[in-house]
Amino acid sequence: MPPRKKKGGGRGGWGRGKKSAPTIQSHLSHHLSLLHSTPLPLPPLKPDHPSRPLYVLSTGMIVMEVDNPLYATAYDFLVTISEPVARPQWVHHYQLTPFSLYAASAVNYTSGGIIRTLSKLSKTAVPDNVSSFIKGCTERYGKVKLVLKDGRVMVEGKDDAEGREILRFLSRRPEILECRVKAEGAEEEGGDAWIKSTVEAEDRSNLRDVEDGASSSDESSSEGEEDEAGNRVVREAKREGTISFEIESTMVENVKKTCIELDYPLMEEYDFRSDNSLKSIPNFNLRPSTRIRRYQERSLSKMFGNGRARSGIIVLPCGAGKTLTGVTAAQTVGKGCIVLCTNAVSVLQWKEQFQKWTTIGEREEDRGRIACFTSQMKDQMHPEGCVLITTYTMLTFSGKRNEASEEVMKEIQGREWGLIMMDEVHVVPAATFRKVIGNVKSHTKLGLTATLVREDDKIGDLNFLIGPKLYEANWMDLTAAGYLANVQCLEVWCPLPRSFMKEYLKMDDVRRKQMLYVMNPCKMRTVEFLLKEHKKRGDKIIVFSDLVTALVYYSKKFQEPCIHGGTAELERQGILGMFKANQGSSTLFISKVGDTSIDLPEANVIIQIASHYGSRRQEAQRLGRILRPKAGTATDGTNKDSFNAFFYTLVSTDTSEMYYSTKRQQYLVDQGYTFRILTNLHEKATARSRAEGGLCSTVKEENAILRDILAYSATGDLHLKREEAALEKEKDHNLQIGSVRRQGGLGERSGGRGRLYQEVGNPRNDFFKTRKIKTNHAQLGV
C-alpha cells in the first residue's frame with residue numbers, strides 16, 4: 001500500500017489534511033505585510049461579520065472563507081467578477097482586474113450590482129478606491145462592438161452623440177487608422193466616413209438575472225398581442241441606428257489590443273437566432289440521453305446569458321467534460337462551426353464526441369455535415385454549413401500545400417462561420433498559431449482549456465485574441481462532488497549515489513546532467529517498489545518520462561510496453577487498446593506524447609520520473625490523465641480524505657530537479673492540491689531491492705549505468721530525434737528554458753528570490769519572489 005503518513009513535511013499551504021481552518025485575520029495581516037513594507041491595519045469589521053464570507057482589500061484582492069454557509073453563492077459571484085489566484089482548502093484568493101470586470105460586464109453585471117453584492121458579502125466596507133476601480137472598468141464596456149457582416153469586419157457603435165464621439169476617437173488613432181478599409185457605401189460626416197445601418201435592439205427581458213444566475217425563457221423580440229376583435233397583432237421589433245467603419249480581417253488582433261489599451265474593449269456578441277444570412281445545420285440536436293452537469297450548464301450560461309453568443313474562454317479541469325461543453329455550445333449556435341485541435345488524434349476524438357452526443361450527419365442527405373481536415377483526412381464539406389474539425393497546424397501552415405489542401409483552405413477562408421472553437425486554447429498565443437484568428441471569419445469564438453497558463457507570460461494575450469474568461473470551475477469542489485477522482489499527490493525524494501553526484505557537480509553538459517538525475521539508481525529502485533505495491537492493488541499505472549532514452553531503458557528493465565514519438569501509429573493503438581481492455585500489462589511507459597489527447601480513464605496511478613523543466617501546464621495535464629471519476633466515488637463531499645488515485649513525482653535531491661519540481665507544482669497548489677513529501681520511501685525501496693536482488697541492487701550495476709551515461713551523446717540519440725520529429729507539428733513555440741549565473745547576496749544564492757536557476761528570456765516567472773498582484777495598483781489608487 002502507498003505510504004499514508006506524511007514524511008518530511010508537505011507543500012501547498014493549508015492542505016486537505018488539516019483539521020481546522022486558520023484564522024483569516026492573521027492570514028490577511030500576513031498578506032498585507034508581503035504587499036507593503038509597512039503593514040497596513042485591517043479595516044473594521046461589521047457587527048454581523050461571522051455570517052459574511054468575504055474580505056475586500058484596497059489592493060483589489062478579495063479573500064473568501066470556504067467554511068461559510070454562503071460559500072456557493074459567493075463563489076459563483078467571484079468567479080465571474082475576478083480572477084482566481086489561489087484556492088486551497090480553507091481560504092481562497094481572488095483579484096479584481098480590468099479583464100475580469102470586462103467579462104462581468106459581458107454577462108450583464110453592472111457596476112452598481114457588483115458593488116452592492118460585494119457589500120452584502122463582505123465582512124468590511126468596500127473601499128472607495130475599489131468601487132471607483134469597478135465603475136471605471138465597467139462603464140465603457142459594450143460602447144463599441146466588433147461585428148462580422150457579409151464577410152466584412154466592422155467596429156460598430158450607436159448612432160448618437162456619444163457613439164460618434166467614441167468611434168471618431170478610435171478611428172483617428174494611428175494604430176487603428178492603418179487597419180481601416182475604405183468601404184463602399186460609407187457616408188461622409190464631419191471628415192469621417194461611417195457606414196450607417198439599423199439593428200434589432202437587444203431585448204432586455206431576455207437578460208439573465210445577475211444576482212442568482214437564473215435565465216429567462218427564450219422569447220422572440222416581437223411580441224404577440226390581440227386587438228378588440230381578438231385578432232393577433234404582431235408588434236414590430238424595436239430598431240436602433242448604428243454607425244461603423246470597416247477594418248482588415250487580418251488586423252483584428254491589433255485593433256482589439258489597441259482598444260483595450262484605450263479602455264474601450266470591443267464586445268463580441270453574435271445574435272445567432274436572428275441571423276438569416278447563415279443557414280442553420282439541419283438535424284443538429286442533442287440526443288435525449290445527453291445530460292450536462294450543473295457546472296457545465298453554468299459555464300454555458302455565461303456564454304449564452306442573454307440569448308446571444310459571447311466570445312470568451314471556459315476553463316474546466318481535465319476529465320470534467322470540456323468536450324461535451326464545446327459540443328453543446330456548437331449545437332446551441334447551430335451554424336457552421338470550426339473546431340481546432342492540437343493534433344490528429346484529438347480531431348478523431350472530437351468527431352466521435354459530436355456523433356455520440358448529437359444527431360449531426362445521421363441522415364443520408366446530411367453527408368458532409370461533420371467533416372475532418374488533417375494531413376491524412378480531407379472530408380468533403382457540405383456547401384450549406386457543417387462542423388469542420390481540424391488542427392491549428394493545418395490552418396496556419398504557410399508553406400506550399402498540395403492541391404487538395406489548397407482547395408479546402410480556399411473554401412474555409414471563403415465562408416463565414418458562426419463559431420470557431422479552440423481546444424487547448426492556451427496554445428493560441430504562440431507566434432504561429434495566433435495567425436488562425438485572421439485566417440478564419442467567424443462571428444464568435446470559444447476557447448476551452450484545463451490549464452490557462454503559459455511559461456512565456458503570453459496568456460494575457462488571449463483577452464484580445466479570443467475574449468475574456470467566462471467561467472472557471474473549482475477543482476476541489478468538483479472532486480468533493482464526485483465529478484473528479486480524489487488524487488493524492490506525493491513528491492518522493494531520491495538521493496543521488498556519491499559517484500553520480502560527483503559527476504553531476506563537475507559536468508557542464510546539460511543533457512548529460514539531466515541523464516544523471518533521471519537515471520538515478522535510487523529512482524529505479526523506487527519505481528520498482530511502487531510498481532509492485534500498486535500491481536498488488538490491481539491499479540492501472542502510467543509512468544511518464546520526457547527523456548526518451550531513459551524511458552526506453554526503464555521499459556526494457558521492467559519488461560513493460562512503451563510509447564514515444566518513434567512508436568508507429570498501429571503499434572501505439574494496439575498498446576493503448578490492450579491497456580484499456582485490461583489485457584496483458586497493467587503498466588504503460590510513455591513520453592510527453594501522452595500529456596494530452598490520450599484518453600485512459602482506467603488509469604489511477606501516475607509515476608513521473610522526468611519532466612519538462614518547470615512547466616506548470618504539463619504537471620496539470622499529466623495529473624489530468626487520472627482525474628476521471630472512479631467507480632464508487634462518493635458525491636456528498638465525504639471523500640476528501642479517501643484517495644482513489646495517486647500522483648507520484650520522483651525527484652533527485654540536491655539537483656536542479658528540485659527547483660523545477662517546486663515550480664511545476666505551483667499551479668496545482670493554487671487549485672487546492674497538497675503535495676506530501678516522502679523522504680524515506682527510497683530507504684524501503686533500496687532495502688527490498690537488495691534483499692530480493694532487484695534492479696540496481698549492487699554497486700556494480702550502478703557503475704555500469706554511470707558509464708553508459710558518461711558515454712551518452714545527444715547527437716547520436718535516435719530516440720531523441722524521433723521524439724522531436726513527432727512533436728514538431730505540435731510545437732507550442734514557448735521560450736526555451738535555460739539557466740544563467742548571477743551575483744547576489746545570501747538570499748539569492750539560497751534560491752529564496754528565484755536567482756539560483758533564473759530562466760533565460762522569461763522576465764516574469766519568479767516563483768520564489770513575493771507573488772505580485774497583476775492588477776495595476778495605480779488604477780486602484782494604492
Side-chain angles (χ1 to χ4, degrees), residues 54-64 73-87 92-119 121-122 126-127 129-142 208 210 213 256-257 259-261 263-268 298-299 301-303 305 310-316 425-426 446-447 449 451-454 457-474 670-671 771-782:
L54 305 183
Y55 274 96
V56 182
L57 306 181
S58 60
T59 59
M61 175 71 79
I62 302 175
V63 182
M64 178 171 64
T73 301
Y75 174 78
D76 285 341
F77 173 67
L78 289 182
V79 81
T80 302
I81 70 164
S82 58
E83 295 281 355
V85 177
R87 293 179 288 190
H92 290 186
H93 292 187
Y94 298 83
Q95 179 66 45
L96 289 172
T97 69
F99 293 122
S100 68
L101 291 169
Y102 294 157
S105 299
V107 292
N108 305 309
Y109 278 56
T110 63
S111 57
I114 293 172
I115 294 170
R116 285 194 300 271
T117 306
L118 278 177
S119 181
L121 297 174
S122 178
V126 178
N129 67 313
V130 173
S131 298
S132 300
F133 177 69
I134 293 171
K135 291 176 182 177
C137 291
T138 56
E139 64 182 6
R140 291 185 173 185
Y141 189 85
R208 61 185 290 277
V210 172
K256 290 178 68 176
K257 183 177 181 181
C259 289
I260 285 177
E261 292 170 351
D263 288 333
Y264 281 106
L266 296 178
M267 181 168 66
E268 289 186 81
R298 291 289 295 161
S299 67
S301 72
K302 304 296 184 182
M303 183 179 180
R310 303 184 183 91
S311 294
I313 298 168
I314 293 175
V315 184
L316 296 176
V425 72
H426 51 260
L446 174 63
T449 185
T451 52
L452 198 61
V453 61
R454 286 177 65 91
D457 207 42
K458 289 184 179 180
I459 202 68
D461 292 358
L462 290 174
N463 288 292
F464 56 83
L465 289 171
I466 311 299
K469 181 168 59 178
L470 300 174
Y471 184 80
E472 181 173 358
N474 187 323
D670 286 345
Q671 304 309 313
R771 297 186 65 191
K772 302 262 179 88
I773 303 301
K774 292 183 178 180
T775 300
N776 186 348
H777 283 183
Q779 293 178 293
L780 286 164
V782 177

Is there a donor-acceptor pair closer than 3.5 Å between any side-chain N or O of [X] and the backbone N or O of [Y]?
X	Y	answer
Ser119	Arg116	no
Tyr75	Asn474	yes
Gln95	Thr59	yes

Considering all heavy atoms of both residues, which atom of [X] and which atom of [Y] are nearest to each other, and what is their separation?
X	Y	value
Leu96	Phe133	O-CE2, 3.9 Å
His426	Val453	CB-O, 4.2 Å
Cys137	Tyr102	O-CE2, 3.1 Å
Val56	Val130	CG1-CG1, 4.2 Å
Val315	Leu452	CG2-CD2, 4.0 Å
Leu316	Ala473	CD2-CB, 3.7 Å

Checklist outcome for this item: By salt bridge (charged side-chain N to carboxylate O under 4.0 Å, His left out), Glu83 pairs with (sequence neighbours left out) Lys469
Item to check | Residues that Ser100 engages under side-chain hydrogen bond (donor to acceptor under 3.5 Å, both in side chains), provided they are two or more places apart | outcome: Thr97
Next on the checklist: Please enumerate all residues that pass side-chain hydrogen bond (donor to acceptor under 3.5 Å, both in side chains) together with Asn463, with sequence neighbours excluded.
Outcome noted: none
Distance in Å, [X] [atom1] paired with [Y] [atom2], rounded so as to fall on 0.5 Å steps:
X	Y	atom1	atom2	answer
Ile62	Leu78	CD1	CG	5.0 Å
Tyr471	Asp76	OH	CG	6.0 Å
Arg310	Leu446	CZ	CG	13.0 Å
Leu266	Ser311	CG	OG	11.0 Å
Thr449	Glu472	OG1	CD	9.5 Å
Asp263	Glu139	CG	CD	9.5 Å

Next on the checklist: Once you measure the plane-to-plane angle for His92 and Tyr94, does it fall in the parallel (<30°), tilted (30-60°) or perpendicular (>60°) bin?
Outcome noted: tilted
Checklist entry - Does any non-hydrogen side-chain atom of Leu121 lie less than 4.5 Å from one of Met64? => result no
Checklist entry - Can you check whether Ile260 reaches Phe99 side chain to side chain, under 4.5 Å on heavy atoms? => result yes
Next on the checklist: Please evaluate residues Ile114 and Leu101 with respect to the criterion side chain to side chain contact (heavy atoms under 4.5 Å, CB included), reporting the C-alpha separation (whole Å), side-chain torsions for both, the decisive distance (0.1 Å), and the verdict.
Outcome noted: CA-CA 9 Å; Ile114 293 172; Leu101 291 169; 4.1 Å; yes
Item to check | Stepwise side chain to side chain contact (heavy atoms under 4.5 Å, CB included) check, Ile314 with Lys302 | outcome: CA-CA 9 Å; Ile314 293 175; Lys302 304 296 184 182; over 6 Å; no
Next on the checklist: Could you go through Arg87 and His93, starting from their C-alpha distance and side-chain angles, then the distance that decides it, and tell me whether this counts as side chain to side chain contact (heavy atoms under 4.5 Å, CB included)?
Outcome noted: CA-CA 6 Å; Arg87 293 179 288 190; His93 292 187; over 6 Å; no
